[in-house]
Amino acid sequence: MGFFTANKNSAKQRWFFALVLLPFGVGLIGSYAVGQPHIPADSSARNAPPPAMREFRAAWVATVANINWPSKPGLSTADQQAEALVLLDFLKDHHFNTVIFQVRPQADALYDSALEPWSYYLTGAQGTPPDPYYDPLAFWVDEAHKRGLELHVWLNPYRAHHIAAGRVESSSMVNRMPESVVKLKEGYWWFDPAKKATQDHSAAVVMDIVKRYDIDGVHFDDYFYPYESYNGGVDFPDDDSWAAYQQAGGKLSRGDWRRSQVNQFIERVYREIKATKKHVKFGLSPFGIWRPGHPAGIAGMDQYDKLYADAKLWLNKGWIDYFTPQLYWPISQIPQSFPVLLGWWQQENTLGRHLWPGMSVGRGDGEAGLKEVTNQIMITRGMVPASKGAVHWSISSLTRNPILAQGLLDGPYKKDALVPASPWLGNEAPDAPTVSQEKRGSEVAVSWSHADPDDVFKWVVYYRYREDWEYTVLPHDAQELKLAGYTADGKTALADVKVTAVDRLGNESEATDIR
């Protein structure tokens, strides 16, 4: 196989990473400092730096049932914010560039909404805001951007009530939209996807967030029509809407009719987002198998027939900007093999959208887990080289597994990475920044500004001492980077520095050179 297999001997693994990947350090915001670089003696000089690495590195933060955040309902505002900052600092420090934050786990809101009640998972009482008051989504967006992270809001479009939230309160959408919801045998409540009121309301919720918050993406997962287990193995109870469709002259089969309702909603959401804020990416993470036998030898649940999700169609039609099939199986699990499924989805990616698979990073601890996840990342880089990336389920599997977290940082995530550009949304790069430098003792302070700061989301500072280039990616509010002016021998000065500006779509400007 053409991918790295981590050796069980950790010393050999450290040797591999040390040989291939060069370290560098960086602070958080404001004024930054980079330490002395390693300078290979036999490198050949280059006049222009190679581009910064491009890779989407994201983790899901689930709020339903308090899976990831907050750790339990009813925490104080200060404790909620402190827990959030720990997670965001972790992502920044481990060279991730995106957080996918669940803001609507069950027709509720982890933000200030006039459309739906405050979430039970925040305060322990649905409809009750945090006290002292703050807006969690606004807080997450601001703090993510300070760290150079994109924030994508994750919504469940059809789940009206989850059993982990206790009883249905008077403020619940179950009571506010009774004609649009059904109760499932396991205690869940679900919006009927075929009801016009369902589609109108869920679309309004999405667009309310897009219009009011400075988010970078909108994300749906795999819950469309519910899994059969949610209803005791019995078919979804939508007899009334199905009868109304037939009485109106509808000719589709029941399965095709259900799929058409979901298709209509997905296309609608995509078009409405683009008409409002084109730079806000729309992503979907469906179940990883479209249908058994696609490709040959693949077995498992049929989401097309069970969830009424024609995920292949959404990808073929380009109704998404990034596609994240949940490929939660190991490489060697033949009926659901990670690379086999990834290769099939890539063949279906006929419009060249981003294909960033979902990876389960919590299925094994220690070196075995690190080996599996590292190999999956390297497979993804090899099979989808034009737009590398992955989304990790979930952040707690990373924060609670130090061997995995450190192994990724020492290995495939050694260097920071920019999110791949989305040229179908716009490919006009920002103007180059204005850059200056000042000697301060043994350091050089590089500073920059831009004629249109609202057009800049990140900065990249490229620098070299003798031959090999390094780079540092900084958030939009950074204004300065301190570099060592001389190498360890005290003789060789900083040879070259270049600075670029990167916009919300990942387009990078020409470099402004300092010599």
Side-chain angles (χ1 to χ4, degrees), residues 55-71 80 83-106 108-111 119 121-122 136-137 139-141 143-144 147 149-159 162 164 206 209 215-224 227 280-288 311 320-329 338 354-364 369 372-373 376-377 380 389-401 404-405 408 413 417 419:
E55 186 169 49
F56 189 73
R57 300 174 184 168
W60 279 289
V61 176
T63 57
V64 65
N66 298 100
I67 291 174
N68 298 136
W69 183 88
S71 59
Q80 289 181 13
E83 288 187 352
L85 294 180
V86 167
L87 298 178
L88 290 169
D89 283 342
F90 175 90
L91 293 175
K92 190 267 175 192
D93 292 343
H94 288 78
H95 295 169
F96 284 71
N97 51 35
T98 305
V99 55
I100 299 179
F101 176 51
Q102 190 176 32
V103 299
R104 192 202 191 210
Q106 53 164 32
D108 56 0
L110 282 92
Y111 59 97
S119 178
Y121 303 113
L122 278 174
L137 177 54
F139 179 83
W140 275 80
V141 169
E143 294 298 334
R147 290 158 176 78
L149 301 169
E150 290 192 2
L151 187 138
H152 296 209
V153 291
W154 164 21
L155 305 93
N156 295 95
Y158 301 125
R159 186 163 60 205
H162 192 286
V206 172
I209 297 172
I215 61 171
D216 304 286
V218 172
H219 186 94
F220 292 165
D221 58 11
D222 55 321
Y223 290 99
F224 298 100
Y227 285 84
V280 173
K281 293 184 280 286
F282 182 43
L284 280 160
S285 56
F287 185 71
I320 43 85
D321 298 306
Y322 69 95
F323 195 70
T324 301
Q326 295 177 17
L327 306 185
Y328 288 171
W329 303 282
F338 177 93
H354 299 302
L355 177 59
W356 298 324
M359 297 178 181
S360 176
V361 294
R363 294 186 181 275
E372 179 69 32
V373 175
Q376 289 189 12
I377 291 170
T380 300
V391 184
H392 296 62
W393 174 257
S394 67
I395 193 169
S396 293
S397 296
L398 296 165
T399 60
R400 297 172 184 171
N401 189 339
L404 174 60
L408 293 179
Y413 292 172
V419 172

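No experiment lies behind these values; they were computed from the predicted model shown. Counting begins at 1 with the first residue of the sequence.
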Close side-chain approach of [X] and [Y], heavy atoms under 4.5 Å:
| X | Y | value |
| --- | --- | --- |
| Val391 | Thr98 | no |
| Val86 | Thr399 | no |
| Val218 | Val280 | yes |
| Phe139 | Leu85 | yes |

- Query: Got a sec, which residues hit side-chain hydrogen bond (donor to acceptor under 3.5 Å, both in side chains) with Asp221, two or more places apart in sequence or on another chain?
  - Reply: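 So Asp221 forms a side-chain hydrogen bond (donor to acceptor under 3.5 Å, both in side chains) with Trp154, Asn156.
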- Can you name the side-chain hydrogen bond (donor to acceptor under 3.5 Å, both in side chains) partners of Ser285, sequence neighbours left out?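 If we apply the side-chain hydrogen bond (donor to acceptor under 3.5 Å, both in side chains) test to Ser285, skipping adjacent residues, the hits are His219.
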Can you check whether [X] and [Y] have ring centres sitting under 6.0 Å from each other?
| X | Y | value |
| --- | --- | --- |
| Phe287 | Trp329 | yes |
| His162 | Tyr223 | no |
| Phe101 | Trp69 | yes |

List for me each residue that meets salt bridge (Lys or Arg N to Asp or Glu O under 4.0 Å) alongside [X], sequence neighbours excluded, and say none if there are none.
| X | result |
| --- | --- |
| Glu143 | Lys146, Arg147 |
| Glu150 | Lys281 |
| Asp321 | Lys274 |

Could you tell me whether a side-chain N or O of [X] sits under 3.5 Å from a main-chain N or O of [Y], the two making a donor and an acceptor?
| X | Y | result |
| --- | --- | --- |
| Gln376 | Phe338 | no |
| Asn97 | Arg57 | yes |
| Thr324 | Gly358 | no |
| Asn68 | Ala62 | yes |

Taking all atoms of both residues into account, what is the closest heavy-atom pair of [X] and [Y], and its distance?
| X | Y | answer |
| --- | --- | --- |
| Ser119 | Asp108 | OG-OD2, 2.9 Å |
| Ala144 | Leu88 | N-CD1, 4.0 Å |
| Met359 | Ala390 | CE-CB, 3.6 Å |
| Pro157 | Leu155 | CD-O, 3.5 Å |
| Gly288 | Pro325 | CA-CB, 4.2 Å |
| Trp60 | Ser394 | O-CB, 3.7 Å |

- Item | Steps toward side chain to side chain contact (heavy atoms under 4.5 Å, CB included) verdict (Arg159, Val64) | CA-CA 11 Å; Arg159 186 163 60 205; Val64 65; 3.7 Å; yes
- Quick one: do Asn401 and Val361 satisfy side chain to side chain contact (heavy atoms under 4.5 Å, CB included)? Show the steps, please. CA-CA 9 Å; Asn401 189 339; Val361 294; over 6 Å; no
- Message: My understanding is that only one of Phe323, Tyr322, Phe282, Tyr158 makes a ring-ring contact (aromatic ring centres under 6.0 Å, His included) with Phe220; could you say which?
- Response: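 Going through Phe323, Tyr322, Phe282, Tyr158 one by one, the ring-ring contact (aromatic ring centres under 6.0 Å, His included) with Phe220 is satisfied by Phe282 alone.
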- Among His392, His152, His354, the one residue meeting ring-ring contact (aromatic ring centres under 6.0 Å, His included) with Phe56: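 Of all the options given, the one that passes is His152.
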To the nearest 0.5 Å, what is the distance between [atom1] on [X] and [atom2] on [Y]?
| X | Y | atom1 | atom2 | value |
| --- | --- | --- | --- | --- |
| Arg104 | Tyr111 | CZ | OH | 7.0 Å |
| Leu398 | Leu408 | CG | CG | 6.5 Å |
| Trp140 | Leu151 | CH2 | CG | 8.0 Å |
| Lys92 | Leu87 | NZ | CG | 15.5 Å |

- Query: Given the rule in the side chain to side chain contact (heavy atoms under 4.5 Å, CB included) test, do Ile100 and Trp393 qualify, once you have shown the distances and angles that lead to the verdict?
  - Reply: CA-CA 10 Å; Ile100 299 179; Trp393 174 257; over 6 Å; no
- Query: Can you name the ring-ring contact (aromatic ring centres under 6.0 Å, His included) partners of Tyr121, sequence neighbours left out?
  - Reply: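 Expected list: none.
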- Evaluate side chain to side chain contact (heavy atoms under 4.5 Å, CB included) for Leu110 paired with Leu122, printing each intermediate quantity in order. CA-CA 7 Å; Leu110 282 92; Leu122 278 174; 4.0 Å; yes
